[in-house]
Amino acid sequence: QVQLVESGGGLVQAGGSLRLSCAASGRSFSNNAMDWFRQAPGKEREFVAAINWSGSNTKYADSVKGRFTISRDNAKNTVYLQMNSLKPEDTAVYYCAVSSSSGIFIAGRRYDYWGQGTQVTVSS
């Protein structure tokens, strides 16, 4: 059974940092791109960051570019999201997802698995 378990969320003051982890189990995802999404109360889920299968390519939403860094450790089947200079508008539930593709510069990418989410709250 495939599981994605996010951790590392919490309450932080504006300007602070958090590091989210998403640990996958049940099978290896070393050949899959992986993404982070977030959903704030009353808003639709939005893309945050993506990383290709090897970690050589990444992309970010404009709202987090320069502040967030996505990385992965295929040996641990884990993807990370380092979040610095956090703002109140970053408050949301953060989800990791496994893409059916290995690359990230592909239109219409699909996601085969999702985690349950971890809450990030940034106070002003």
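It should be emphasised that the depicted structure is a prediction, and the values quoted were computed from it without experimental measurement.
- A pairwise comparison of heavy atoms in V48 and L81 identifies CG1-CD2, 4.2 Å as the closest pair.
- Considering every non-hydrogen atom in both A97 and L4, the closest pair reads CA-CD1, 4.3 Å.
- Among residues at least two apart or in separate chains, disulfide bond (SG atoms under 2.5 Å apart) pairs with a member in residues 2-32 are C22-C96.
- Side-chain contact between V2 and V98 is absent, with no heavy-atom pair separated by less than 4.5 Å.
- Side-chain heavy-atom separations under 4.5 angstrom define the hydrophobic clusters, and the remaining members of the one that includes F105 are I104.
- I51 and W53 fall into different hydrophobic clusters, where Ile, Leu, Val, Met, Phe, Trp and Tyr residues are linked whenever their side-chain heavy atoms come under 4.5 Å apart, directly or through other members.
- In this structure, Y94 has no ring pair (Phe, Tyr, Trp, His ring centres under 6.0 Å) partners at least two apart in sequence or on a different chain.
- Shown here for P88 and A14, the closest heavy-atom pair between the two residues is CD-CB, 4.1 Å.
- The two residues G8 and L18 come nearest to each other via the heavy atoms O-CD2, 3.7 Å.
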Donor-acceptor pairs are to be reported for all side-chain atoms of residues 23-30 against protein atoms at under 3.5 Å, with residues two or more places apart or in another chain.
from, atom 1, to, atom 2, distance (Å)
R27, NH2, N32, OD1, 3.1
S28, OG, S30, N, 3.2
S28, OG, S30, OG, 3.1

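- Through chains of ILVMFWY side-chain contacts below 4.5 Å, F47 is grouped with F37, V93, Y95, Y111, W114.
- Sorted by first and then second residue, the side chain to side chain donor-acceptor pair (under 3.5 Å) pairs with a member in residues 5-16 read E6-Q116; sequence neighbours excluded.
- Side-chain atoms of N52 come within 3.5 Å of backbone atoms of G55 as a donor-acceptor pair (strictly under, hydrogens ignored).
- In this structure, V122 and E89 have side chains that are not in contact, with every pair of non-hydrogen atoms separated by 4.5 Å or more.
- Among residue pairs with one or both ends in residues 38-71, none qualify as disulfide bond (SG atoms under 2.5 Å apart); sequence neighbours excluded.
- Under the 4.5 Å side-chain heavy-atom criterion for grouping Ile, Leu, Val, Met, Phe, Trp and Tyr, M83 is not connected to Y80 through any hydrophobic cluster.
- Between L86 and F68, some side-chain heavy-atom pair lies under the 4.5 Å cut-off.
- Shortest non-hydrogen contact noted between N84 and S17 is OD1-OG, 2.9 Å.
- Among residue pairs with one or both ends in residues 96-106, those qualifying as side chain to side chain donor-acceptor pair (under 3.5 Å) are S99-S101, S99-R109; sequence neighbours excluded.
- I106 belongs to no hydrophobic cluster, as no Ile, Leu, Val, Met, Phe, Trp or Tyr side chain comes under 4.5 Å of its own.
- Partners of Q39 under the side-chain hydrogen bond (donor to acceptor under 3.5 Å, both in side chains) rule, at least two apart in sequence or in another chain, do not exist in this structure.
- Among pairs with a residue in residues 45-86, none fulfils disulfide bond (SG atoms under 2.5 Å apart), at least two apart in sequence or across chains.
- Residue T91 holds its OG1 atom at 8.5 Å from CG of L11, rounded to the nearest 0.5 Å.
- Residue pairs meeting the salt bridge (Lys or Arg N to Asp or Glu O under 4.0 Å) criterion with at least one partner in residues 40-61, sequence neighbours excluded, are R38-E46.
- Separating the CG atom in L20 from the CD atom in Q82 is a distance of 8.5 Å, to the nearest 0.5 Å.
- Under 4.0 Å is where a charged nitrogen must lie from a carboxylate oxygen, and between K87 and D90 no such pair does.
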